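Step one of this worksheet: look at the structure below.
In this text, all values refer to a predicted model and were calculated from it rather than measured experimentally. Atoms within each ligand, like the ligands themselves, are counted from 1 in listed order.
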Amino acid sequence: MTEKLDIFAKEVDAWIEHNCPQSMRTPMPVSEQVWASSSIKFPSKDSKAWFDAMVSKGWCTPEWPKEYGGGGLSFEESKILRARLKFFGCRPAQINFGISMLGPVILEFGTKDQKKEFLPKISRGEIWWCQGFSEPGAGSDLANISTSAKLNDNEYIVNGSKIWTSEADKADWMYCLVRTSKTEKKQAGISFILINMNQANVKTNPIKLLSGQSPFCQVFFDDAIASESHRIASENDGWKVAKRLLEFERTMMADLGNEGAVDIEPIKTYKNSDAPRTPGKHKLHRKIIKHEIRNHLIELTMTRTSIESKSSFSPAALTLKYLSTEETQVRWELNVASLGVGGLEAVETSEGLKQEIAKSFFYSKAYTIAGGSSEVQLNIISKHILGLPS
Ligand SMILES: Cc1cc2nc3c(=O)[nH]c(=O)nc-3n(C[C@H](O)[C@H](O)[C@H](O)COP(=O)(O)OP(=O)(O)OC[C@H]3O[C@@H](n4cnc5c(N)ncnc54)[C@H](O)[C@@H]3O)c2cc1C
């Protein structure tokens, strides 16, 4: 590390010490997540203080330019900031798809007006975004979308339906893929638009999951309106924006631990559980050790790819979503096993740590589907890294 970065790291440590309340340096249960929103809610005074401190520094979006609410940090400085926040166990100040997914594509493809209109609000956590990509007839084959948008003067009239839209019933805005032209090559007739969810012609239907939660919805558009000025990139050129956004989504999913997902270490669960141990316990010990080693290797690879991607394409980045989400499932299976017999009680009847583990165990089944299924990720790896024929 250069002397300048060394000084920066020390300043960050001092800042965290001064600004991050002790209660914000503990693992975060789902019930205490702070979601960016026009009606943002804080579970405690400490979480509001932590949010305010991070927002005023622009450190929720450390690499974004200061004029758009960012911290104006260099790549190296942001890396140090993230590493120090992780070292101190600081909770994410806010959960915001705008920061992890939409903001970076607006920075890359948006007009100056779009940047000015949306980026500062995203950085300050003022908008709850949802992602309208999947449809009943388009998931892995995303280019198959049929939700249509027809331009009438300066407005798009949107009709159709989106499905598996996370948190759509709470969202203020949706970034959405729509069909603006019927072309032979399906990708060539798609546009990327931003839709205000607060209008009568948009309806959301929550879908209940195995985990007892309802994190996503089906959304219906019946002549919904979107402004032409809220289209990112040219008409019919939205596919390139979508592909870039999916790269950001997969990076986020590979790095779930840092993005506000609950994390409980199986080793701690094992040590703190007073369940009687069966003769099979040595097998469980070995599984936990292997998992911790693989987890550490994934973290190291993540750091390596973020450095490599700075200068050129990093093939290892394509493997991370697959490896990391599969390993996260193993992590929750080991947490359940570590609780011993009866470890997986029904979500409704368990409480405290057991309930947190049960919920996360069930929810983790979704990680290898959301953002592109494991099978599809393996297809990408075989084609783009190994060069195997399709
Ligand atoms: C928790 C969660 C949150 C989500 N949130 C959102 C959201 O906010 N917005 C949004 O737009 N979408 C969201 N999704 C949807 C997600 O992107 C899709 O579920 C995913 O892309 C898979 O599409 P599908 O469900 O239509 O499955 P399908 O594409 O129908 O796939 C079904 C099965 O076939 C396999 N398969 C498909 N094609 C191939 C192939 N070529 N080779 C091998 N196997 C194949 C798949 O791996 C899968 O096992 C979410 C999903 C989950 C689980």
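- Between the choices Phe216, Tyr175, Trp164, the shortest heavy-atom distance to atom 13 (C) of ligand 1 belongs to Trp164.
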Let's go through Phe216 and Ile163 carefully: what are the C-alpha distance in whole Å and the side-chain angles of both, what is the deciding distance for side chain to side chain contact (heavy atoms under 4.5 Å, CB included) to 0.1 Å, and is it a yes or a no?
CA-CA 8 Å; Phe216 48 33; Ile163 197 161; over 6 Å; no

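- Atom 33 (C) of ligand 1 is not flagged as protein-proximal [any protein heavy atom, distance under 4.0 Å].
- Closest to atom 39 (C) of ligand 1, if we only count protein heavy atoms, is Val376 CG2, 4.0 Å.
- No donor-acceptor distance shorter than 3.5 angstrom exists from the side chain of Thr368 to the backbone of Ser373, with no hydrogens or angles considered.
- Nearest residue to atom 53 (C) of ligand 1 from Ala366, Ser140, Ser374, Gly137 is Ala366 (criterion: closest heavy atom).
- The pair Glu333-Lys365 meets the salt-bridge criterion, with a side-chain N (NZ, NE, NH1 or NH2) lying under 4.0 Å from an Asp/Glu carboxylate O.
- Proximity of a side-chain donor or acceptor of Ser123 to a complementary backbone N or O of Leu119 within less than 3.5 Å is not detected.
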Please report the C-alpha distance between Lys281 and Tyr270 in whole Å, then the side-chain angles of each, then the deciding distance to 0.1 Å, and finally whether the side chain to side chain contact (heavy atoms under 4.5 Å, CB included) criterion is met.
CA-CA 10 Å; Lys281 69 179 178 188; Tyr270 187 90; 3.8 Å; yes

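- Residue contact check: Tyr363 has heavy atoms under 4.0 Å from atoms 1 (C) of ligand 1.
- Heavy-atom separations between Tyr367 and ligand 1 are all 4.0 Å or longer.
- Only the backbone of Thr165 comes within contact range of ligand 1, with a heavy atom under 4.0 Å; no side-chain atom does.
- Ranking protein heavy atoms by distance to atom 8 (O) of ligand 1, first place goes to Ser166 N, 2.9 Å.
- A salt bridge links Glu32 with Arg91: the distance from a Lys NZ or Arg NE/NH1/NH2 to an Asp or Glu carboxylate oxygen falls below 4.0 Å.
- With Cys176, Gly139, Ala171 as candidates, the residue nearest to atom 23 (O) of ligand 1 on a non-hydrogen basis is Gly139.
- Nearest-residue assignment for atom 51 (C) of ligand 1 (options Cys217, Ala138, Pro215, Ala370; heavy-atom criterion): Ala370.
- With salt bridges taken as basic N to acidic carboxylate O contacts below 4.0 Å, one links Arg25 and Glu17.
- For atom 41 (N) of ligand 1, the closest heavy atom belonging to the protein is Asn379 ND2, 3.4 Å.
- Sequence neighbours left out, the pairs with a member in residues 142-152 that pass side-chain hydrogen bond (donor to acceptor under 3.5 Å, both in side chains) are Glu135-Ser146, Glu135-Thr147, Asn144-Lys186.
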